[in-house]
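Take a look at the structure set out below.
By convention here, the first residue in the shown sequence is residue 1.
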Amino acid sequence: MAGSVPGGGRPLIITEDPLLLDDLLRLCAAAGADPQVHHAVPEPGGETEPGGEAGSAGAGWESAPLVLVGDDAARRVRGAPRRAGVLLVGRDLDDPHVWQWAVEIGAEEVLRLPDAERRLVDRLADVVEGAGRPALAVGVIGGSGGAGASTLACALAVRAARAGERTILIDGDPLGGGMDVLLGGESAEGLRWPDFAASRGRVGAGALEESLPELHDLRVLSWDRGDRVVVPPAAIRSVVAAARRRGGVVVVDLPRRVDEAVAEVLAQLDLVLMVVPGELRSVAAAGRVAAGVRMVARDVRVVVRGRCAGGLDPESVAGLLGAPLAGEVPVEVGLPGRVAEGEPPGAQGRGALARFCDGFWQRALGSAQGVPA
């Protein structure tokens with residue numbers, strides 16, 4: 001059985017092909033990785049390539065966080081111990097023997113250059129960033145106008161941060177007024193969505209987190225007060241992926257209209273909570289929203305806000321929408337006034353909103369799958 005990928009250290013390259021080595025070193029440089037190079041599986045504490053240190057962290061087959069085996073060297077590493085994080089890399093992978101070698105060395109992937117260069121840079125960058133378990137990503141969307149989705153999204157992020165989770169709150173609605181405003185930090189220093197409009201390819205997870213305003217122990221990516229309300233879908237995809245790689249919790253406040261940019265976000269979420277007031281007109285509106293969200297999202301659940309009317313109850317609201325019930329959030333008396341005075345939703349641990357959020361995170365983060373049953 002393959003072991004887990006060791007953390008830290010330097011990636012290991014095994015090849016005698018000078019052209020392939022040049023390509024791999026170039027891709028390592030693009031990812032900010034400093035590799036070790038060998039022509040065969042290095043012995044523990046054995047000699048390294050010129051400029052390396054014998055027995056240093058990352059020099060061995062078992063200790064390197066990632067091993068890139070050239071197709072020319074595959075036969076020479078067939079006796080090495082099985083482990084995770086081995087990639088077989090080459091240019092001509094049409095040779096049927098290559099796939100046999102991949103099985104024999106326990107390779108996770110077979111990558112053909114130059115087609116797979118982006119994929120390889122991503123794997124190398126994960127090593128540099130020390131990427132571990134991705135964040136639990138939860139989206140919140142209103143089933144109808146004024147449902148309170150932004151309030152719930154903000155409260156979820158505040159409660160996760162208060163519980164000690166690394167938390168990023170992402171404002172996915174350019175017309176929503178700004179999540180930084182809801183947190184009382186519209187003047188806080190840091191980047192906003194328009195600053196990422198030109199992003200292409202991979203965004204560094206650590207650099208993203210450090211660039212965002214920090215409010216109430218969490219990081220928030222919001223919109224500014226400018227006229228720009230559009231960020232290219234590719235940039236949104238890269239930014240959300242970077243936020244997830246940082247681990248912890250990511251909460252996204254979603255608009256009710258699902259366009260290409262919102263679809264990029266939905267595709268990366270583990271769970272979407274749809275906030276629905278307990279009255280028939282709101283349920284009817286939520287049905288149309290749910291239809292669009294389900295085209296992309298993997299898991300959609302209903303949160304009923306306020307008291308139900310017209311013979312409805314929370315279970316029947318969820319049943320009408322054909323989605324599981326995630327819970328009920330009573331209307332919290334005095335919350336609008338406290339928010340107006342600068343207190344973010346969820347800040348008061350004894351409130352109904354905070355209790356819902358705490359219960360949600362206990363189930364979600366305590367689940368082996370990372371998503372509440």
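For the atom pair OG of S150 and CG of D173, the computed distance is 6.5 Å after rounding to the nearest 0.5 Å. The CG atom of L21 lies 9.5 Å from the CG atom of L19; values are rounded to the nearest 0.5 Å. Between L208 atom CG and S211 atom OG the span is 5.0 Å, to the nearest 0.5 Å. A distance of 5.0 Å separates CD1 in I168 from CD in E209, rounded to the nearest 0.5 Å. Residue L113 holds its CG atom at 8.0 Å from CZ of R26, rounded to the nearest 0.5 Å. For the atom pair CG (L191) and CG (L221), the distance works out to 8.5 Å, reported to the nearest 0.5 Å.
Minimum heavy-atom separation, A286 to M274: O-SD, 3.8 Å. The minimum heavy-atom distance between A149 and G142, with the atom names listed, is CB-N, 3.4 Å. Closest non-hydrogen pair, A135 versus V249, comes out as CB-N, 4.0 Å. Minimum heavy-atom separation, P213 to R192: CG-NH1, 3.4 Å. Across all non-hydrogen atoms, the minimal contact from A297 to V272 is CB-CG2, 3.9 Å. Here the shortest heavy-atom pairing between G139 and L254 reads CA-CD1, 4.0 Å.
Cluster annotation: V231 and M179 are assigned to distinct hydrophobic clusters (Ile/Leu/Val/Met/Phe/Trp/Tyr, side-chain heavy-atom contacts under 4.5 Å, transitive). When hydrophobic clusters are built by joining Ile, Leu, Val, Met, Phe, Trp and Tyr residues whose side-chain heavy atoms come closer than 4.5 Å, directly or via intermediates, L325 is grouped together with V283. With hydrophobic clusters built from ILVMFWY side chains whose heavy atoms lie under 4.5 angstrom apart, L25 shares a cluster with V121. Transitive grouping of hydrophobic side chains (ILVMFWY, heavy atoms separated by less than 4.5 Å) keeps L273 and L320 in distinct clusters. When the side chains of ILVMFWY residues are joined at heavy-atom separations under 4.5 Å, either directly or via intervening members, V329 and L271 end up in a single hydrophobic cluster.
Of the possible polar contacts, one joining the T167 side chain to the E165 backbone as a donor-acceptor pair under 3.5 Å is found. Here the side chain of R219 pairs a donor or acceptor atom with the backbone of L212 at under 3.5 angstrom. Side-chain atoms of R298 come within 3.5 Å of backbone N or O of L269 as a donor-acceptor pair. Using modelled atom types, no side-chain atom of H38 and backbone atom of I13 make a donor-acceptor pair closer than 3.5 Å. A donor-acceptor contact shorter than 3.5 Å links the side chain of R355 to the backbone of R350. Using modelled atom types, one side-chain atom of Q268 and one backbone atom of A241 make a donor-acceptor pair closer than 3.5 Å. Here the side chain of S238 pairs a donor or acceptor atom with the backbone of A234 at under 3.5 angstrom. The closest donor-acceptor contact from the side chain of R305 to the backbone of V275 lies at 3.5 Å or more, if one exists at all. For W223 (side chain) and D171 (main-chain N/O), a donor-acceptor pair under 3.5 Å exists by modelled atom type. The backbone N or O of P81 sits less than 3.5 Å from a side-chain atom of W61, completing a donor-acceptor pair.
Relative orientation of the H97 and W101 rings is parallel, given thresholds of 30° and 60° on the angle between their planes.
The shortest distance between side-chain heavy atoms of L88 and L111 does not fall below 4.5 Å. For the pair P255/V262, a side-chain contact is recorded, criterion being any heavy-atom separation below 4.5 Å from C-beta on. In this structure, V258 and M295 have side chains that are not in contact, with every pair of non-hydrogen atoms separated by 4.5 Å or more. Side chains of V86 and R83 form a contact here, defined as non-hydrogen atoms less than 4.5 Å apart. Taking the side chain as every heavy atom from C-beta outward, L136 and L365 approach each other to under 4.5 Å. Side-chain atoms of V69 and L87, non-hydrogen and from C-beta on, never get closer than 4.5 Å to each other. Side-chain contact check for F360 versus V303: every heavy-atom pair is 4.5 Å or farther apart. Counting only heavy atoms from C-beta outward, the side chains of I170 and V251 never approach each other to under 4.5 Å.
The pair D270-R244 meets the salt-bridge criterion, since a charged nitrogen lies less than 4.0 angstrom from a carboxylate oxygen. Salt bridge R338/E332: present, at least one basic N to carboxylate O contact under 4.0 Å. One finds no salt bridge joining R75 and E104 here, because no Lys/Arg side-chain nitrogen approaches an Asp/Glu carboxylate oxygen to under 4.0 Å. Under a 4.0 Å N-O distance rule, the pair R91/D23 qualifies as a salt bridge. Between E108 and R123 a salt bridge is recorded (basic side-chain N to carboxylate O distance below 4.0 Å). At a threshold of 4.0 Å, the pair D180-R225 counts as salt-bridged, since one of the basic side-chain nitrogens sits closer than that to a carboxylate oxygen.
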Derivation of the side chain to side chain contact (heavy atoms under 4.5 Å, CB included) call for I236 and W193
CA-CA 9 Å; I236 288 177; W193 265 121; 3.9 Å; yes
Exercise for review: Verify side chain to side chain contact (heavy atoms under 4.5 Å, CB included) between L169 and L183, making sure each step is shown before the conclusion.
Suggested key: CA-CA 10 Å; L169 174 61; L183 287 162; 3.9 Å; yes
Report task. Check the pair I14, L68 against side chain to side chain contact (heavy atoms under 4.5 Å, CB included), reporting the backbone distance first and the verdict last. Result -> CA-CA 6 Å; I14 303 176; L68 311 181; over 6 Å; no
Practice task
Check the pair V250 / V138 against side chain to side chain contact (heavy atoms under 4.5 Å, CB included), numbers first and verdict last.
Solution key: CA-CA 6 Å; V250 173; V138 177; over 6 Å; no
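Put simply, the residue from L182, V158, L152 that forms a side-chain contact (heavy atoms from CB on, under 4.5 Å) with P345 is L182.
For the salt bridge (charged side-chain N to carboxylate O under 4.0 Å, His left out) condition, no pair includes a residue of residues 277-292, sequence neighbours left out.
Among residues two or more places apart in sequence or in another chain, the side chain to side chain contact (heavy atoms under 4.5 Å, CB included) test is passed with P324 by R301.
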